[in-house]
Amino acid sequence: KVSKDITVQGLNITIPSGLSVISSSSELNKELSTNTYSWEGILKPEESKAMSIQVKPIKSGKYGASANTLKRATNWTI
């Protein structure tokens with residue numbers, strides 16, 4: 001159990017070029033040049049955040065998306 005806020009300095013989700021985004025959560029910002037969706041913010045103790053991106057293939061095949069985070073938490077009590 002975390003007793004302090006968690007600052008998410010960056011959550012980045014990159015969509016492969018073979019997929020088309022149908023919809024995404026309004027909290028996500030889109031970087032047009034890299035087809036990357038991002039979010040940053042603060043999560044309070046016991047708070048959760050749900051975001052979604054709905055995609056469809058442009059052509060058939062296997063696709064993988066990448067996601068990474070940069071977070072900072074200070075004074076954690078676990």
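What you see below is based on every heavy atom in this structure, not just the backbone, and it leaves out hydrogens, waters and symmetry mates.
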May I ask you to test the [X]-[Y] pair for a side-chain heavy-atom distance under 4.5 Å?
X     : Y     : value
Ile53 : Met51 : no
Lys44 : Ile6  : no
Trp39 : Lys49 : yes

Q. So, Ser25 side chain and Ser52 main chain: donor-acceptor pair closer than 3.5 Å or not?
A.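 Pair found, side chain donor or acceptor close to backbone of Ser52.
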Q. Would you say the side chains of Ser33 and Glu31 form a donor-acceptor pair under 3.5 Å?
A.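 Side chains of Ser33 and Glu31: pair found under 3.5 Å.
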Please report the closest heavy-atom contact between [X] and [Y], naming both atoms and the distance.
X     : Y     : value
Glu40 : Gly10 : CB-N, 4.3 Å
Ser17 : Ile58 : O-CD1, 3.5 Å
Pro16 : Asn35 : O-ND2, 4.0 Å

Euclidean distance, [Y] [atom2] relative to [X] [atom1], rounded to 0.5 Å:
X     : Y     : atom1 : atom2 : result
Ile13 : Leu28 : CD1   : CG    : 6.0 Å
Tyr37 : Asn29 : OH    : CG    : 11.0 Å
Gln9  : Ile42 : CD    : CD1   : 10.5 Å

Q) Only one of Val55, Leu19, Ile15 forms a side-chain contact (heavy atoms from CB on, under 4.5 Å) with Tyr63, so which one is it? A)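 Running side-chain contact (heavy atoms from CB on, under 4.5 Å) over Val55, Leu19, Ile15 with Tyr63 returns exactly one hit, Leu19.
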